[in-house]
Amino acid sequence: MRHTDGRSSTGSGANRTEHPLNGVDSLIVVSNRQPYRHEFDGATAREPPIDTAGGDREVTVDRPACGLTAGLDPVLEDAGGTWIAWGDGDADRAVTDGRDCIGVPPEDESYTLRRVWLTEEALEGYYYGFSNQVLWPLCHEFVDFLEFRPEFLEWYREVNGRFADAAVDHVTGESVVWLQDYHLALTAGMIREAAPQETTIAQFWHVPWPTPEAFRHCPGGRELLAGLLGNDLLGFHVDAYCTAFLECIERFVPGAVVDSRLGIVRYEGRETHVVATPMGVDAAAYDERAREADGEWAAFCEEYGISPGNAIALGVDRLDYSKGIPERLAGVERFLESAPGFHGEFTFVQKATPSRTEIPAYERHGEFVRSEVERINDRFATADWQPIVYTEAYLPEETLSALYRRADTMLVSPLYDGMNLVASEYVAASVDGDGALLLSERAGCHDLLGTFAYSIDPRWDGEFAATIERALTADDGERRRRMAGLRHRVFEHDLEWWMDAQFGEIDRVRRVTAPSRGRSPGDPSGSV
Ligand code: GDG
């Protein structure tokens, strides 16, 4: 078996041996995406899983690039335990045992990956349907984008049940179950019904939580809220989402008692603690890769026909309507209108990663973005210059870090975003200390980084354009002062900090809720 691993093993998240969960007998992580995917050589990662024996075909293992899986993997390697996730690789089934399990990491098996299988139909209803055409638009307050069919909710229930059943197979009263994200809103409640009552269940919600005004459009909304109250701990990135969640509970869950000051919901004899802990990135790894980037920028310029000395603005996003790419293009267009001195001397590089392309709203969005890029380039390009370089090609971490380092300004302009890790990655990779971050007031990370960023309202193209110019022409002292402040915050609140904060909260809640979970507070087995 061959291993391909695109990411660096260095950085603050790796090689840790101390964390607040030391002593937990069994940690069970549950997420939609898996930390390792097995593929028959030459297959594409997007193909659905098929039932097949490995035969003589060569199997490769890759680690889908994602901050969360990269951060949690070393924790599970240290603590042991089980990770439950959808097996989306075409060789995933062929390599697992009779319980759908496989030991990982492949080179040094130290925890169990338990895979959940989804048919095309299940995926359509649970993932493309309820998760991404109901919950995603609702959480990002794009209520008009909501598309609902009853079978979406039925599949969501069914698949959440499969994840819960898989978790219950592995839990004991000593277990801590840690669920990830909006794909699994019903899972905690389902585990709670079947697991020993001492089991600790926590969940982190990576996207915003909507206001009651938006959430009232959610089909099955009360069932979802009750499901989430199966958790002992529910984490969000920022306080505003905690507040909105508690408001929804007050408004839509009869019988639930909310203590807004303490962030506690009492429901059916149990407590759910609601906390905000902003997620960080492996800042040391981005810093290191940016310092090591050698020749990557020159190669990128060569490939895309960029004058290496131009003023560079950069955007990096999934091609998602919540990320504000059309609004950013409008800001760049106004900037080109108002600052002719930059013509020929400025390039806006936009990396957009196609995402959820099976969903019509995403396909339409992609087409619109591409046509806008073409229109603006047609309007301003000259024989030897085009203002926008747009690519959907996957960028290796090294190239991405080199682009971050070189960009004079990073344009992060979501219309609404749970946190936004790209902003932090840019700051961590700005090792020369003179980059400038333009940041939407509507990104969760604005709470942490807003003081030192150039804040923008992404829908106001005139202000956007003026702020691009301001950032590009700011004196060196101002840029360095701002970036120093940003780097301090990003390194202080990195991925390791977030993981420790999460596990610290889980530990705290485990202690305070021990009596309601059937243990006396003095029982040593009730704490970690
Ligand atoms: C959700 C929430 C929250 C993109 N293109 C390439 C590439 N990427 C990586 C970036 C970054 C990640 O994708 C995108 O992360 P974001 O945080 O910006 O956004 P979502 O995917 O929407 O994530 C978000 C997050 O969950 C965590 O809780 O912050 O608010 O929506 O890491 O670097 N990476 C590489 N090549 C690419 O071409 N290597």
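Numbering of ligands and ligand atoms starts at 1, following listing order. Values below: every heavy atom of this structure, side chains too, minus hydrogens, waters and symmetry copies.
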Determine whether the side chains of D92 and Q34 contain a donor N or O and an acceptor N or O closer than 3.5 Å.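 Q34 and D92 do have a side-chain donor-acceptor pair below 3.5 Å.
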For S455 and H446, which I'm curious about, is there any donor-acceptor pair between the side chains at under 3.5 Å? yes
Kindly identify the option in K323, H237, H140 whose heavy atom sits closest to atom 20 (P) of ligand 1.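 The option holding the nearest heavy atom is K323.
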Within less than 4.0 angstrom of ligand 1, does Y404 place any heavy atom? yes
In ligand 1, which numbered atoms sit nearer than 4.0 Å to a non-hydrogen atom of [X]?
X	answer
M279	27 (C), 28 (O)
K351	5 (N), 6 (C), 37 (C), 38 (O)
G418	30 (O)
R318	20 (P), 21 (O), 22 (O)
E425	10 (C), 11 (C), 32 (O), 33 (O)
D417	24 (C), 30 (O), 31 (O)
L400	33 (O), 34 (N), 35 (C), 39 (N)
T353	4 (C), 5 (N), 6 (C)

To the nearest 0.5 Å, what is the distance between CD (E296) and SG (C301)?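 Answer rounded to 0.5 Å: 11.5 Å.
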CD1 of I312 to CZ of F346: how many Å apart, nearest 0.5 Å? 8.0 Å
If you measure from each non-hydrogen atom of [X] to ligand 1, which part falls under 4.0 Å: side chain, backbone, both or neither?
X	value
M419	both
L395	both
L421	both
W136	side chain

Passes side chain to side chain contact (heavy atoms under 4.5 Å, CB included), E147 versus V134? Steps please. CA-CA 6 Å; E147 291 285 340; V134 177; over 6 Å; no
Cation-pi geometry met for [X] and [Y] (6.0 Å, 45°):
X	Y	value
R370	Y390	no
R33	W83	no
R289	Y286	yes
R442	Y416	yes

